[in-house]
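The block underneath contains the structure these notes are about, expressed in structure tokens.
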Amino acid sequence: MLLGVRHWKKRSESCSFSGSVQATFVKVLNIEMKVQKVLLQSDVHLKSDKTPVTVADYGSQAIVSFVLEKELSTEPFSLVAEEDSGDLRMESGQEILHRITKLVNDTLVIEESYTVATLSSEDVLRAIDSGKSEGGSSGRHWVLDPIDGTKGFLRGDQYAIALALLDEGKVVLGVLACPNLPLASIGTNNKHSSESSNEKVGCLFSAKVGEGTFMHSLDGSSLIKVHVSDIENPEEASFFESFEAAHTSHDLSSAIAKVKLGVKAPPIRIDSQAKYGALSRGDGAIYLRLPCKGYREKIWDHAAGSIVVTEAGGVVTDVAGNPLDFSKGEHLDRDTGIIVTNRKLMPSLLKAVRESIQEKVSPM
Ligand SMILES: Nc1ncnc2c1ncn2[C@@H]1O[C@H](COP(=O)(O)O)[C@@H](OP(=O)(O)O)[C@H]1O
Ligand SMILES: [Mg+2]
Ligand SMILES: [Mg+2]
Ligand SMILES: [Mg+2]
């Protein structure tokens, strides 16, 4: 028993971010917001799976992994992150690597505690590749999506930086920074909005297992504990889904929400895990993600978002109603979609999802 308590204390102490990591996280965000406004065509590349990646994705991964490794120098460091340096090591990647290196140094120079020396391109490549761990069910692994919703980032819309900690395969800590998300509600089911926060954008959600979810403003001026919507009547529940039709079936979610549940409000379509953040503070009551059959979800797309919602009182499952399993490496071990809502709505939502999928498979 005593051993268990000691283990828990040790774990929770080292789970928490030091102030300088959090401050650096915010600086990365500020830089990304500037980069988003001045992005050049040549700063954007297509990866082998045809999804976009930018200097900001690589730069964010290099900085967060560099700072985390420095902060956690006394313990084994394992990071599972989205990007790798393969394309940057090729001849064609030299120009973009040069710009990433400049971006990383410009950012780190602002944070005095990390100005050991100017980082070389090789240091930057090494920092990006620190994210090559495979994760799994034993030990601790940090999970990073340096820019989630890159397509939204390119459009000038929503995106997020998502960092989580896995301990023995379970998410125990999550931080979700959403630089373009208004502090006021973006949905119809809101309970936290206030007059003074109406115009401001930039939210940072943080959640630690057993301690709830907090929303900070990015300028540090406010901090509140948030809770998911307590709506019980599905007709009043507004729902979130991906902006990108290629990432989720808009037709299927419309059949579930409108036809089966009688939801009246139109869907709120935004990019990235900002959907989890917005749901955690009750902006809407449902998030449906129903990708094409065969798409395998990655853990960095859901680890931080899922704990932000569950610690705010919500439920995150696959379409069979099982909790998401983050212990199987870089992929979530499901290919059947993700549903998120509050405890009261989950039974009717699950039923509606199952019926709609069944009807799609065998139309009457
Ligand atoms: N065909 C597909 N189906 C579902 N998700 C996909 C997809 N192609 C890419 N994605 C993932 O969808 C994420 C964005 O989610 P959303 O649609 O909620 O904005 C992307 O994250 P990145 O932008 O980090 O690559 C990417 O991992
Ligand atoms: Mg990507
Ligand atoms: Mg992502
Ligand atoms: Mg990403």
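Atoms within a ligand are numbered from 1 in the order they appear, just like the ligands themselves.
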ask   = Of Arg155, His247, Gln158, which is the lone residue that meets side-chain hydrogen bond (donor to acceptor under 3.5 Å, both in side chains) with Asp271?
value =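 So, applying the side-chain hydrogen bond (donor to acceptor under 3.5 Å, both in side chains) to Asp271 and each of Arg155, His247, Gln158, only Arg155 qualifies.
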
request  = May I ask you to decide whether Lys298 forms a salt bridge with Asp145, counting only side-chain N to carboxylate O separations under 4.0 Å?
outcome  = no

request  = Inspect the contact between Asp129 and Arg89 and indicate whether a charged nitrogen and a carboxylate oxygen are less than 4.0 angstrom apart.
outcome  =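 Looking at Arg89 and Asp129, the cut-off is met.
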
message = Tell me the closest heavy-atom pair linking Val226 and Arg281, and the distance in Å.
response =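 In this case the closest contact between Val226 and Arg281 is CG1-CB, 3.8 Å.
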
request  = Check all N, O or S atoms of Asp145 and name the one closest to the Mg ion (ligand 3).
outcome  =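 This residue's closest N, O or S atom turns out to be OD2.
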
inquiry  = Looking only at N, O or S atoms in Asp148, which is nearest to the Mg ion (ligand 3)?
reply    = OD1

ask   = Is the distance from the Mg ion (ligand 2) to some N, O or S atom of Glu82 under 2.8 Å?
value = yes

query = Checking only N/O/S atoms, does Asp301 have one that is under 2.8 Å from the Mg ion (ligand 3)?
reply =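 Within the cut-off used here (under 2.8 Å), Asp301 does place an N, O or S atom near the Mg ion (ligand 3).
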
task = Report yes if the side chains of Trp142 and Phe77 come closer than 4.5 Å at any heavy-atom pair, otherwise no.
result = yes

query = Under 2.8 Å from the Mg ion (ligand 4), is there an N/O/S atom belonging to Ile147?
reply =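 True for Ile147.
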
